[in-house]
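Counting from 1, the numbers follow the sequence of the chain as shown. Note that the coordinates shown come from a computational prediction; the quantities given were computed from them, not determined experimentally.
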Amino acid sequence: CLYGVMVSEKVGGAEGTKLDDDFRDLERKVDVTSKAVVEVISKTSEYLQPNPASRAKLSMLNTMSKIRGQVKNPGYPQAEGVLGECMTKYGRELGEDTNFGGALVDVGEAMKRLEEVKDSLDIDVKQNFIDPLQALCDKDLREIQHHLKKLEGRRLDYDYKKKRQGKIPDEEIRQALEKFHESKEVAETSMYNLLETDIEQVSQLSSLVESQLQYHRQAVQELEVLSDKLRDRMNEAQSRPRREYTPKPKPIFDFGDNNHSNGGYSSSMAPPPSRNSEPSFHLARLSFRKPGLSPEQPSCKALYDFEPENEGELGFHEGDIITLTNQIDENWYEGMLNGQSGFFPLNYVEVLVPLPH
């Protein structure tokens, strides 16, 4: 019933007008609705953006621009993007050809794509959930509060004039009662209409859930692709033979040479081990003598390309003619090519002119 029967209550010794239970029930439900909308808007913004600065930018986001195709991101960094930038930066610095570096870049790029998905979630929820609720606060609920305030003023006016009955004209009291009834009808109707159309709020909640569902679907797609990529990386790495560490040649001090009576040392080096053998710890003195121009000088021809893996090794290509300067052990030679001196494995070359014994 929209127009409940009024009853009376004692107020300061006089009869005070009391609104009926149906009206009070409507008022209570509208009050709870108002509190719920305000609190849900606040908590939804916190859910989307725990960072207060980002939350402030979210609240100022002009969602109409998105409809016109002008907004692609909300104007603040997402945590996914910050993490993604960090990972890609160090992955590239470490080298994408390394296991860890390449994986960092893979994950970092995926995180940056997830940032775009999160941007869409924020914009969609702001447009389809927060903004409609805010409009409800700013328009319908505010109008109801205005009607209730006006009703309360007219109730007090009627009660005051009723208390002075006999001292003021009855017509004045009658007009006050009519205005009170008029305000009660407007307030009651506005509250009733709000509560009867609450399916609109259900629709807005549905939009929130749909936006979340879309976000999680896209996130799952990105993460599944990323998971497969990382699994392939692990399988590939496990199938490759493990490279053994090859120690670098170590200089040793030699005070036994009379030519260095002032405390100098000669450049004796521990030879590098064979790539296919245990390290050799025989010491051999490096030869720095410049090879002669005689065609009979010790030399060898490269049978394969040799890529140096450690400092002090001499790289060459198949067919190169290398000047031999020293044999370090049964697995390694020392030689010169194009002005560069270094070590290389014996089984990569064919000796053309052997070293003198």
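A salt bridge between E80 and K118 is absent, with no side-chain N of the basic residue lying under 4.0 Å from a carboxylate O of the acidic one. Residues R231 and D228 are paired through a salt bridge, judged by an N-O separation under 4.0 Å between the basic side chain and the carboxylate. With respect to the salt-bridge test (charged N to carboxylate O, under 4.0 angstrom), the residues E85 and K89 do not qualify. Between K112 and E116, no side-chain nitrogen of the basic residue sits less than 4.0 Å from a carboxylate oxygen of the acidic one, so the salt-bridge criterion is not met. Ion pairing between D159 and K163 fails under the 4.0 Å rule for side-chain N and carboxylate O.
With sequence neighbours left out, the side chain to side chain contact (heavy atoms under 4.5 Å, CB included) criterion links E27 to F23, R24, L148, M191. In this structure K229 satisfies the side chain to side chain contact (heavy atoms under 4.5 Å, CB included) test together with D106, sequence neighbours excluded. Applying the ring-ring contact (aromatic ring centres under 6.0 Å, His included) rule to F316 yields the partners F306, F344; only residues at least two apart in sequence or on another chain are considered. The side chain to side chain contact (heavy atoms under 4.5 Å, CB included) test applied to E152 returns R155, L156, not counting sequence neighbours.
Smallest separation of non-hydrogen atoms from Q204 and P132: NE2-CB, 3.5 Å. Taking every heavy atom of both residues into account, L355 and Q327 meet most closely at CD1-N, 3.5 Å.
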Which side-chain N or O atoms in residues 40-48 pair as donor and acceptor under 3.5 Å with protein atoms at least two apart or in another chain?
| from | atom 1 | to | atom 2 | distance (Å) |
| --- | --- | --- | --- | --- |
| T44 | OG1 | V40 | O | 2.6 |
| S45 | OG | I41 | O | 3.1 |
| Y47 | OH | Q212 | NE2 | 2.9 |

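Under the 4.5 Å side-chain heavy-atom criterion for grouping Ile, Leu, Val, Met, Phe, Trp and Tyr, V37 is connected to L195 within one hydrophobic cluster.
Side chains of N310 and E313: a donor-acceptor N/O pair is present below 3.5 angstrom, by distance only. Inspection of the D122 and Q78 side chains reveals an N or O donor paired with an N or O acceptor under 3.5 Å.
With hydrogens and angles disregarded, no donor-acceptor distance shorter than 3.5 Å links the side chain of S299 to the backbone of L352. In terms of modelled atom types and a separation under 3.5 Å, the side chain of N338 and the main chain of Q340 share no donor-acceptor contact.
Under a 4.5 Å side-chain heavy-atom cut-off, the cluster of Ile, Leu, Val, Met, Phe, Trp and Tyr residues that includes I199 is completed by V202.
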Point to revise | Verdict with supporting geometry, D157 and K179, side chain to side chain contact (heavy atoms under 4.5 Å, CB included) | key: CA-CA 10 Å; D157 181 61; K179 286 183 179 179; 6.0 Å; no

Practice item. Take Q218 and Q214 through the test side chain to side chain contact (heavy atoms under 4.5 Å, CB included) and record every step on the way to the result. Key: CA-CA 6 Å; Q218 292 179 344; Q214 180 69 7; 3.0 Å; yes

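E178 pairs in a side-chain hydrogen bond (donor to acceptor under 3.5 Å, both in side chains) with only one of the listed residues (H181, R174, Q175), which is R174.
Atom CG of L194 and atom NZ of K139 lie 10.5 Å apart (nearest 0.5 Å).
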